[in-house]
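One structure below.
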Amino acid sequence: MVRGIRPFVAGRPIERVVRCRSRYKPISIRPRFDVLAKRLAGRTIEEVSRLGKRVVLTVSGGSAVVIEPRMTGLMLLSDPPDSDHLRLEWRLGGKGKYPSLWFWDRRGLGTVRLFAPGEIERDLKTSTVGPDALEMTVEAWRSCCGATSRAIKVALLDQRAVAGIGNLYASEILHLSKIDPTRRADRLKPAELSRLNDAVHRVLEEAIRDEGSTLSDETYRTALNQNGKYQNKHRVYGRAGEVCLTCSKATIRRIVQAQRSTFFCPECQR
DNA sequence: ATTAATGTTCAGAA
DNA sequence: TTTCTGAACATTAA
């Protein structure tokens with residue numbers, strides 16, 4: 001999302017923020033919409049970045065809008081899948097191909113928050129967002145996994161343990177790592193942590209290059225409403241009952257951990 | 001009618 | 001103190 005919007009919005013002024021009218025319950029916006037809109041009007045978007053799974057727009061003066069897309073939220077520059085689920089619009093000035101940046105969200109579970117200068121460091125980074133998955137090292141995995149008896153799959157989804165890994169990617173990462181998702185995190189051997197570290201970087205970096213995964217429900221789309229391409233490379237996610245592409249022996253199983261689906265190959269992952 | 005879906009957070013219990 | 005479960009949030013599609 002960040003890579004998709006950054007080239008088109010960084011450096012441009014926010015002329016106005018508009019709440020889109022819809023028949024659905026409004027999404028969570030803090031502070032109140034009109035306060036947020038007034039504080040952002042006239043500011044320039046100086047930086048477009050990411051904090052775990054959150055999108056961060058830092059504006060002139062140092063305040064930052066943090067968008068948390070959750071299950072079905074999208075940051076879009078054009079061509080929304082439908083207009084019913086548009087939630088918020090940033091009307092942009094300056095030169096640029098696209099006049100608006102949109103937050104579109106079908107389920108409406110996403111949130112938008114405005115942070116005062118320095119507040120992200122004091123609040124988000126200390127309490128809810130852990131070290132970034134793409135910055136992790138074997139040593140960092142040791143301290144994050146060694147301290148918990150939870151299943152490794154559950155630990156990977158804990159955003160304060162490691163930030164940035166979602167449900168689909170947790171299954172893919174553990175399959176590439178050849179680790180059973182039900183294994184206790186604190187019982188993983190050094191060789192396994194090393195494979196985990198490699199797999200996290202390989203899976204996430206390739207998924208980013210491929211612009212994410214568009215599943216059959218077409219929930220995730222790029223900033224220009226295109227399909228991602230990484231779904232073509234899924235080896236376990238959504239493939240329960242199919243033969244494992246890696247060992248060609250066992251069939252992929254689906255189990256539930258922490259109320260989320262986990263897919264894995266009982267042959268490859270022990 | 002029921003269930004599950006790339007997520008987070010809270011309350012209450014083990 | 002940590003971990004687990006269930007629920008809540010809201011909508012759609014199989």
Assign R150(A) to base, sugar-phosphate, or nothing according to its heavy-atom contacts below 4.0 angstrom with the strands shown.
sugar-phosphate
Decide whether E89(A) and S100(A) meet the rule of one side-chain donor and one side-chain acceptor closer than 3.5 Å.
yes
Sugar-phosphate only, base, or nothing, as touched by R54(A) at under 4.0 Å among non-hydrogen atoms
sugar-phosphate
Rounded to the nearest 0.5 angstrom, the CG-CG distance for L40(A) and L57(A) is 8.5 Å
Within residues 66-79 of chain A, which residues have any heavy atom lying less than 4.0 Å from an atom of DNA chain B?
E68(A), R70(A), M71(A)
Look at all strands and tell whether S127(A) reaches a base, only sugar-phosphate, or nothing, counting heavy atoms closer than 4.0 Å.
nothing
Using OP1 and OP2 only, check whether a side-chain N or O of Y24(A) sits under 4.0 Å from dT12(C).
yes
Would you call I29(A) and L36(A) a side-chain contact if the rule is heavy atoms closer than 4.5 Å?
yes
Looking at every strand, decide which applies to S149(A) at a 4.0 Å heavy-atom threshold: base, sugar-phosphate, or nothing.
sugar-phosphate
Quick check for you: to the nearest 0.5 Å, what is the distance between I120(A) atom CD1 and R54(A) atom CZ?
10.0 Å
Could you measure between the two C1' atoms, the one in dC4(C) and the one in dA5(B), and give it in whole Å?
22 Å
Can you tell me how far the CG atom of L74(A) sits from the CE atom of M1(A), to the nearest 0.5 Å?
5.0 Å
Output the single nucleotide from dT12(C), dA5(B), dT9(B) whose closest atom is nearest the side chain of R254(A).
dA5(B)
Using atom P of each nucleotide, how far apart are dT1(C) and dT8(B) to the nearest Å?
25 Å
Taking only side-chain nitrogens and oxygens of R260(A), does any of them come within less than 4.0 Å of OP1 or OP2 of dG7(B)?
yes
Can you check the Y220(A) OH to dG7(B) C1' distance for me, whole Å?
16 Å
Using a 3.5 Å limit for the pairing distances, which stems of at least 3 consecutive Watson-Crick or G-U wobble pairs does DNA chain B take part in?
B:2-5 with C:11-14, B:7-14 with C:2-9
dT3(C) OP1/OP2 closer than 4.0 Å to side-chain N/O of T148(A):
yes
Would you say R6(A) has more than 12 foreign heavy atoms packed within less than 6.0 Å of its CZ?
yes
Find out if a path of hydrophobic residues (ILVMFWY) with successive side-chain heavy-atom gaps under 4.5 Å connects F8(A) to L86(A).
yes
Contact class for S261(A) vs. all strands (heavy atom < 4.0 Å): base, sugar-phosphate, or nothing?
sugar-phosphate
Looking only at side-chain atoms of H85(A), point me to the closest of dT8(B), dA5(B), dT12(C).
dT12(C)
For a quick check of understanding: with a heavy-atom distance under 4.0 Å over all strands, which category does R221(A) fall into, base, sugar-phosphate or nothing?
nothing
Rounded to whole Å, CZ of R30(A) lies from P of dT8(B) at a distance of 16 Å
Check every atom of dT11(C), dT12(C), dA7(C) against the side chain of Q259(A) and return the nucleotide holding the closest atom.
dA7(C)
Classify the side-chain pair Q257(A)/T262(A) by whether it contains a donor and acceptor separated by less than 3.5 Å.
yes
